[in-house]
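Remember, predicted model here, so these are calculated numbers, not experimental data.
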Amino acid sequence: GMLENEYGSRLLLLLFSAQHLLKGVVQQFQASAIMWILMEYRIGGPQLQIYTSVAGSAWAFKPILGAISDFLPIFGYRKAPYVVITSLIGVACTTCIGLSTHETSSVEMVVACFFGMSLQAATADLLTEAKYSEHLHENPEHGPDLITFVWGGISIGNMIAIAVVGWLITTLGPRSVFLTCIFPTSAILYPAFANYFQETPMTREEVQEVQAKYIKQGEIVFLCGLMTVLTIFLSAIGTFSDSQDVHFIAAISVITFLMPSFYVLLRPEIAKMNTFFVLQAATSLNIGGATFYFYTDSVDEYPDGPHFTAAFFATTLGFVASFMSLVGLTTYTQYMKDWTYRSLIFVSNILVTLLSLLDVAMFLRLNLRLGIPDTYFVMGSSVATVVIRQWQWMPGVVVMSQLCPQGMEATMFALLAGCANIGSQVSDYLGAYLLWHLGVHPSGAPNEGAQFENLWKASLVSTLLPAITILLIPVFIPQAKQTDKLLLNDTTSATAGSLMSRWIEWRTGRSPGTAEP
């Protein structure tokens with residue numbers, strides 16, 4: 001069709017294998033099945049979400065993966081070799097989970113395999129995103145169609161995975177999901193080997209030129225490195241320490257380190273926005289490790305529980321969520337594109353806070369007193385919440401693309417997204433600490449109803465804590481429309497006006513951007 005004429009079938013096949021199959025189908029399968037696999041090991045709720053967090057932490061490596069692939073081409077190729085290497089790891093890890101049982105594989109090994117799968121998806125995602133953004137720069141007028149092709153395909157991939165995952169878990173067990181994934185996981189190997197990235201090997205001079213450009217943006221490379229170190233530190237502590245106190249101290253110290261580094265290294269406009277989104281992610285405490293057991297425990301395990309089946313929990317609710325996120329996207333595009341950042345972030349945050357109080361009601365079992373069955377109540381609250389969360393998420397995406405300095409889009413986008421990933425990893429750890437402190441550690445054991453007595457308190461804290469960030473909107477969010485340009489001067493620099501660059505100016509006594517004498 002038209003896209004094929006404009007961008008070529010090779011790019012479309014590459015995007016199909018990386019974005020539609022790997023990010024759409026496989027990542028959705030992994031997200032839906034990971035809890036069910038970890039549940040076989042009878043892991044308590046708080047530790048369950050620490051493991052889930054470690055499993056997905058490879059996504060926070062995107063900035064450093066981008067820097068390494070630019071900085072160290074393999075045989076002159078910057079993209080394909082990295083996709084091939086991580087895909088071989090991903091296929092091995094997928095096969096390993098699919099063919100093992102909880103008797104033959106330790107929980108640490110399974111988490112390591114999940115990490116390997118995420119590493120493959122994150123690398124393929126980053127490098128194919130970089131590829132199609134190159135095409136968008138060359139041929140911008142069909143850009144929106146290409147973006148729609150990518151995201152439409154991811155949504156359809158998600159739906160396909162959601163449609164079968166509940167049935168697979170129920171009839172063949174959660175590990176069958178990963179046997180199903182082996183083909184879509186390995187599909188990207190062919191286009192990568194056949195050079196569908198359309199790369200010409202770089203000469204040594206070209207490589208040195210790229211390296212020089214990176215060294216000039218030293219602050220950004222340093223920040224990429226710092227984030228990678230912090231992510232590895234958090235993941236190592238999550239894997240090797242069982243103490244929730246240690247997890248808590250680790251998470252707090254990561255945030256304490258990361259936040260000030262934005263102001264030291266990045267331009268104030270970027271630093272402020274980034275602080276807001278990271279704080280918001282970190283304070284939205286995740287308590288999913290406990291709520292998973294609350295919803296899915298059987299009658300023997302939690303007599304008063306909702307007793308949701310895998311088919312309802314993974315497939316029905318999954319379908320409702322992905323359909324409603326499309327509704328959220330459509331309503332946003334239709335009615336909210338012209339709102340200012342402040343008003344949209346303010347309204348969506350207030351609404352999310354109010355709707356999250358429905359979860360508190362659910363965990364107090366108030367809905368049953370009102371005669372509303374669990375399935376209807378959960379469907380109703382998740383329908384509304386997903387739509388509003390989409391509204392909350394969209395200005396973040398728009399703002400990220402607005403804050404990427406010219407010529408540094410890929411690195412900067414990965415950096416901003418990586419910061420948000422660290423924020424949500426911190427929220428997993430802080431949420432686990434909260435659950436542990438309130439004595440909420442279900443593990444799917446018989447008669448564990450008492451474990452859920454304080455779950456509503458955890459839910460209340462995780463609802464009200466991020467609401468505090470609403471007060472910070474005037475401080476961190478610019479009073480601008482989503483269509484306004486945010487970087488007005490030095491549009492190619494990510495660091496103009498940062499504390500570091502101001503200090504260097506003061507020391508050398510010269511204005512930024514003037515050449516060394």
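Residues Asn367 and Leu358 fail the side-chain proximity criterion, which asks for heavy atoms closer than 4.5 Å. Proximity of Asn349 to Gln280: side-chain heavy atoms (C-beta onward) are separated by under 4.5 Å at one or more points. Side-chain contact between Lys23 and Glu129 is present, with heavy atoms from C-beta onward closer than 4.5 Å. No side-chain heavy atom of Ser498 sits less than 4.5 Å from a side-chain heavy atom of Val264. Side-chain contact between Thr315 and Ser32: absent, with no pair of heavy atoms (C-beta onward) separated by less than 4.5 Å. Pro474 has its side chain out of reach of Gln479: every pair of non-hydrogen atoms, C-beta onward, lies at least 4.5 Å apart. The side-chain heavy atoms of Leu279 and Met259, taken from C-beta on, include a pair separated by under 4.5 Å. Side-chain contact between Leu48 and Met35 is present, with heavy atoms from C-beta onward closer than 4.5 Å.
Separating the CZ atom in Phe61 from the CD1 atom in Ile68 is a distance of 9.5 Å, to the nearest 0.5 Å. Remark: Leu499 CG to Tyr263 OH distance equals 10.0 Å, nearest 0.5 Å. Between Ile473 atom CD1 and Phe276 atom CZ the span is 4.5 Å, to the nearest 0.5 Å. To the nearest 0.5 Å, atom CG of residue Asn274 and atom SG of residue Cys419 are 4.5 Å apart. Atoms OG1 and CZ, on Thr309 and Phe313 in that order, are 10.5 Å from each other to the nearest 0.5 Å. Rounding to the nearest 0.5 Å places CH2 of Trp456 at 8.0 Å from CG of Asn454.
Between the Ser241 side chain and the Gly238 main chain, no donor and acceptor come within less than 3.5 Å of each other. Panel note: side chain Thr123, backbone Leu119; a donor-acceptor pair is recorded below 3.5 Å. At distances below 3.5 Å, at least one donor-acceptor pair connects side-chain atoms of Gln451 with backbone N or O atoms of His441.
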- Message: Let's go through Leu416 and Ile270 carefully: what are the C-alpha distance in whole Å and the side-chain angles of both, what is the deciding distance for side-chain contact (heavy atoms from CB on, under 4.5 Å) to 0.1 Å, and is it a yes or a no?
- Response: CA-CA 9 Å; Leu416 296 171; Ile270 299 179; 4.0 Å; yes
- Query: After noting the C-alpha distance and the side-chain angles of Asp125 and Gln19, does the key distance pass the side chain to side chain donor-acceptor pair (under 3.5 Å) rule?
  - Reply: CA-CA 6 Å; Asp125 180 46; Gln19 298 287 333; 3.0 Å; yes
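The shortest heavy-atom contact between Gly431 and Leu285 is CA-CB, 4.0 Å. Here the closest non-hydrogen pair linking Ile50 and His247 is CD1-ND1, 3.5 Å. The heavy-atom pair separating Arg389 from Ser356 by the smallest distance is NH2-OG, 4.2 Å. When all heavy atoms of Ala60 and Asn421 are compared, the pair lying nearest together is N-ND2, 3.6 Å. Between Ser105 and Arg175, the shortest heavy-atom distance links the atoms OG-NH1, 3.5 Å. Shortest non-hydrogen contact noted between Ile345 and Pro395 is CG1-CG, 4.0 Å.
For the residue pair Thr231 and Ser57, no side-chain donor N or O sits within less than 3.5 Å of a side-chain acceptor on the partner. A donor-acceptor contact closer than 3.5 angstrom is absent between the side chains of Tyr376 and Ser381. Side-chain polar atoms of Ser459 and Ser462 form no donor-acceptor pair below 3.5 angstrom. Gln425 and Ser235 share a side-chain donor-acceptor pair at under 3.5 Å. Side chains of Gln47 and Asp242: a donor-acceptor N/O pair is absent below 3.5 angstrom, by distance only. Looking only at atom types and distance, the side chain of Gln30 has a donor-acceptor partner in the side chain of Gln27 under 3.5 Å away.
Salt-bridge check for Arg267 with Glu219: failed, with every basic side-chain N at 4.0 Å or more from each acidic carboxylate O.
Residues Phe178 and Phe114 place their aromatic rings such that the two centres sit under 6.0 Å apart. Phe248 has its ring centre no less than 6.0 Å from the ring centre of Tyr429. Remark: aromatic rings of Phe452 and Phe363 are distant, center separation not under 6.0 Å.
Heavy atoms from other residues, nucleotides or ligands lying under 6.0 Å from CZ of Phe323 number 12 at most. Atom CZ of Phe346 has 12 or fewer heavy atoms from other residues, nucleotides or ligands within 6.0 Å.
Between Tyr302 and Phe294, the ring planes lie tilted relative to each other; the angle falls in the 30° to 60° range.
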